[in-house]
Amino acid sequence: MEELKYIIEDSTIAQLLGVQNFTNKESAVLELVKNAFDAGATKLDIIFKDKELIIRDNGKGMNYESFKRDWMHIGKSNKKYVIKDGNKRRRVLAGSKGVGRFALSRLGSAVQLQSQEKKFINKSLFWSTDWSKSTLEQKGFLRLYGTQIKISGLRDKWNKASIDKLLKYLSRTYNDSLMEINITYEGVVKTVERYFEVPLVGHNCSSKINIKYISNGCNLICDVYSDEFKDEAQNYCLDTDIHRFNNTVDCLKELENNKELGLTREELKEVLENLGNFTAEFYFSLKESSSIDMEKFLYKKRILADRYESGIVLYRNSFSISSYDGTKDWLGLGKRSRKSPAAASHPTGSWRIRENQLAGKVEIDKRANFMLQDLSNRQGLDENVYYSVFVEIIGIGITQFERNRQSIIRKINRKNNEVKEEKKVVDLVIKNPTLIRNLSKHETNKFISEIIDYKKENIQYKKEIYTTEERYKYDIRILNVLATSGLKATAIAHEMHNDRNSIAENYNRIIRAMKKYEIWDLVNEKERTKYAYSNIPALLDKNKRVNSKLVSFMETMLAEVEKSNFFAENHNILNLLVETKTVWERDYSWLEIELNVLPEISYVLPEDSLKVIFDNLILNSIQHNDDSNRLSIQIDVELIDGYLEFSYKDDGKGLDSKYMDTPFRILEVHETSRMNGHGLGMWIVNNTVTMSGGKIVDINGKNGFNVKFTLGGEFIG
């Protein structure tokens, strides 16, 4: 038996693993930087000279035998996890697959490499190739210990602009200070500086978000340091620190019903524990704030002096992973913001960071996070289930910041809705324009100041109109989806309505017909009712119950879309709630609703508002307790200071554990703990309450589910 091995032409390998393997020339240079780093070099020079590219490092170098044994063996890597460099400092090696050397082929058509180890005095190796054939020989002293590579026949044009691009690229992709990197072009030497070396809050960003994932326990720790708002803003946020926020999240609870992942709780736990610890640091800032927004939201700075550009870099130890160098939106920030485009001041929508507002880095480890595997071409990661969970965890950390910042802005924004005292001087002049001639110096200055304020208010008013339009566009997008589904159901209900008598009476008609033809007693015999699938009386009875529900569905659908329901009228609140109670108890026999409402309470409001709120609350209770045999709901209503105050309680399971510490999260759009939930029910409740002029006062889910809220409107006694 003869053992065979593949024979591959040098030019083919160079083409496949070099020219076609690297997406751009910068990533090819980065591979050579990594090689120097792994050789323990403390200094690397990248020199563009006379149409050649020279790469020179002071690493450990190679000897004649090690070059033949290791460099010329494709796919073999003798690299460890960690080494000590020339300065006796520990460094985690970047390479592992033994193919990075073919970056040389991507850069040029010919290569000359000279290398020397310190212990081999006066001996260096010299390798030359044009990717069709290679030669190796020993030569004399190299002057410096380490490796020097000359690349000629450059495949790309290098000019000042591309050198600046390379400098910027390496500053983002190299995340260490163990090796100095210098780039020389036309005699000018520039040193690569780490882009995220010492970030300063208030200078490079307005907020810094640190997250740390601990796989043993599946916990994510989030810390936020902010210098975005003036100190005055703290007066409007008495229960919130505007400069500091921290929270710990149980990722198992947070992700266990995530539809995108599609994992069981046990599978998710295994992935979370095997994923390994990692950290991330993000830098948030607005590109520029208008003077109106500065005043409105009490921003501290309009423009940052040295703002970090957008883009999130994924580092594995000292280097970024290709394709995750900050140019790709691999965290899906754009998708998140398009899904929920609400402004931070939106009273019910969830604000999401835009792509151009966040820079930063995520740091993983070659050994600790070994489940995050490179693709064979080293140009990205295998986007397996571990990668998906990894991205979801980072998203959880970003969401913590988003909620905290939005809560601050909403509180600050309340001052903008306060009624301002009228300007007396302007009012007097409007009533009697001749008074302007007799104004004192103080009154004149006040008059001018008031005119300027009016001008600002006019500009702000126009902006408010735009903001309001954008807000309702966002709301309408979500509601249109639900409305379309409702209209489809209503259309079907209209078509079926003419058949309602047949649907309701068919059960009795079939039985009468069977008795008439003397087969009813026959199908009721014990032998013929033995099996459920052939038990005709039982099947008819089941069909009767289903038909009854269909009739109820039609009546409910057609009644709720009547035009009159959408106009504000004086309604007796008890009567409206009794109607709701009757419908739900009719359709769900295991449901019991108790109403505590004084019969004399009346209120001017659209009938649909109350129905929308309580239909969603009751449906929410039913869906979260659908495995119960009995569910009790209590609704209390009081009229206090012109507002209706409601208390809604059920005796079910209460809130999911992930919402216990932050119950108001359930009001956010698309927030759900159910695998197949849409997360819109409680958002609709909150939106309806807010648009009425009321607010959600309290949410508690420890002993059943309890929510308290108010509705605004016009009281009729």
Side-chain angles (χ1 to χ4, degrees), residues 253-254 256-259 339-342 346-352 396 399-400 402-403 406-407 410 471-472 474-483 485-486 560 577 580 584 588 591 593 608-626 631 633-637 644-712:
K253 291 180 180 178
E254 195 71 22
E256 62 179 329
N257 288 314
N258 187 297
K259 288 186 289 186
K339 185 178 179 181
S340 184
H346 195 292
T348 60
S350 298
W351 169 73
R352 294 287 178 258
I396 291 171
T399 300
Q400 301 304 303
E402 290 168 334
R403 288 177 181 143
Q406 185 169 30
S407 70
R410 280 174 174 169
R471 170 189 165 186
Y472 285 109
Y474 165 72
D475 292 347
I476 288 167
R477 280 175 56 190
I478 297 172
L479 295 176
N480 276 348
V481 175
L482 298 178
S485 299
E560 290 188 355
L577 292 176
T580 300
W584 283 100
Y588 293 87
L591 180 66
I593 301 175
D608 73 289
S609 296
L610 216 58
K611 284 186 176 180
V612 164
I613 291 169
F614 283 101
D615 280 350
N616 275 287
L617 287 174
I618 295 169
L619 181 61
N620 188 64
S621 293
I622 289 172
Q623 289 177 335
H624 283 83
N625 299 280
D626 57 358
L631 181 67
I633 294 173
Q634 180 180 323
I635 301 173
D636 299 330
V637 187
L644 286 174
E645 294 196 1
F646 294 85
S647 174
Y648 174 93
K649 301 177 184 177
D650 71 37
D651 62 352
K653 298 174 183 176
L655 286 176
D656 189 83
S657 57
K658 72 177 181 179
Y659 298 124
M660 284 300 184
D661 295 331
T662 54
F664 275 74
R665 272 181 57 193
I666 67 172
L667 304 179
E668 295 181 14
V669 66
H670 303 306
E671 190 66 47
T672 181
S673 60
R674 296 188 300 118
M675 182 68 78
N676 296 315
H678 49 60
L680 294 177
M682 290 305 299
W683 175 83
I684 291 172
V685 170
N686 186 35
N687 210 38
T688 307
V689 167
T690 302
M691 291 178 69
S692 82
K695 66 177 180 178
I696 306 289
V697 178
D698 185 47
I699 301 174
N700 189 294
K702 294 181 179 178
N703 297 306
F705 175 69
N706 181 10
V707 58
K708 295 181 180 179
F709 61 93
T710 62
L711 283 183

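Nothing fancy with the numbering, it's 1 onward along the sequence. None of the values given here were measured: they were computed from a predicted structure.
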- [ ] Carefully, step by step, assess Glu256 and Lys658 under the rule salt bridge (Lys or Arg N to Asp or Glu O under 4.0 Å).
- [x] CA-CA 10 Å; Glu256 62 179 329; Lys658 72 177 181 179; over 6 Å; no

Open item on the list: Could you go through Leu631 and Ser621, starting from their C-alpha distance and side-chain angles, then the distance that decides it, and tell me whether this counts as side chain to side chain contact (heavy atoms under 4.5 Å, CB included)?
Closed with: CA-CA 8 Å; Leu631 181 67; Ser621 293; 3.9 Å; yes

TODO: Take Val707 and Phe705 through the side chain to side chain contact (heavy atoms under 4.5 Å, CB included) test and state the conclusion after the steps.
DONE: CA-CA 7 Å; Val707 58; Phe705 175 69; 3.9 Å; yes

TODO: With side chain to side chain contact (heavy atoms under 4.5 Å, CB included) as the test, would you mind laying out the steps for Ile613 and Ile684 before giving the verdict?
DONE: CA-CA 7 Å; Ile613 291 169; Ile684 291 172; over 6 Å; no

Open item on the list: Quick one, Asn686 with Ile666, criterion side chain to side chain contact (heavy atoms under 4.5 Å, CB included). Give me CA distance, side-chain angles, the key distance, then yes/no.
Closed with: CA-CA 10 Å; Asn686 186 35; Ile666 67 172; over 6 Å; no

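Without hydrogens or angle criteria, His346 side chain to Ala342 main chain gives no donor-acceptor distance under 3.5 Å. With hydrogens and angles ignored, the 3.5 Å screen pairs a side-chain donor or acceptor of Asn625 with a backbone N or O of Lys653. Under a 3.5 Å cut-off, the side chain of Ser340 and the backbone N or O of Trp351 do not form any donor-acceptor pair. When atom types are taken as modelled, the side chain of Asp661 and the backbone of Pro663 share no donor-acceptor pair closer than 3.5 angstrom.
Looking at heavy atoms from C-beta onward, Tyr588 lies in side-chain contact with Ile622 at the 4.5 angstrom threshold. Taking 4.5 Å as the limit, some side-chain heavy atom of Ile618 sits within range of a side-chain heavy atom of Thr580. Residues Leu667 and Ile699 are in side-chain contact: their nearest non-hydrogen atoms beyond the backbone lie under 4.5 Å apart.
Partners of Glu402 by salt bridge (Lys or Arg N to Asp or Glu O under 4.0 Å), not counting sequence neighbours, listed by chain and number: Arg336, Arg352. Shown here are the ring-ring contact (aromatic ring centres under 6.0 Å, His included) partners of Phe646, two or more places apart in sequence or in another chain: Phe614, Phe709.
From Ile696, atom CD1 reaches atom CE of Met682 across 6.0 Å, with rounding to the nearest 0.5 Å. In this structure, Thr688 OG1 and Asn616 CG are separated by 7.5 Å, a value rounded to the nearest 0.5 Å. Rounded to the nearest 0.5 angstrom, Ile633 CD1 and Asp651 CG are separated by 8.5 Å.
Thr348 and Asn687 form a side-chain donor-acceptor contact under 3.5 Å, judged by distance and modelled atom types alone. Side-chain contact of Tyr659 with Glu671: a donor-acceptor pair under 3.5 Å is present, judged by distance alone. Donor-acceptor pairing under 3.5 Å is recorded for the side chains of Asp636 and Gln634.
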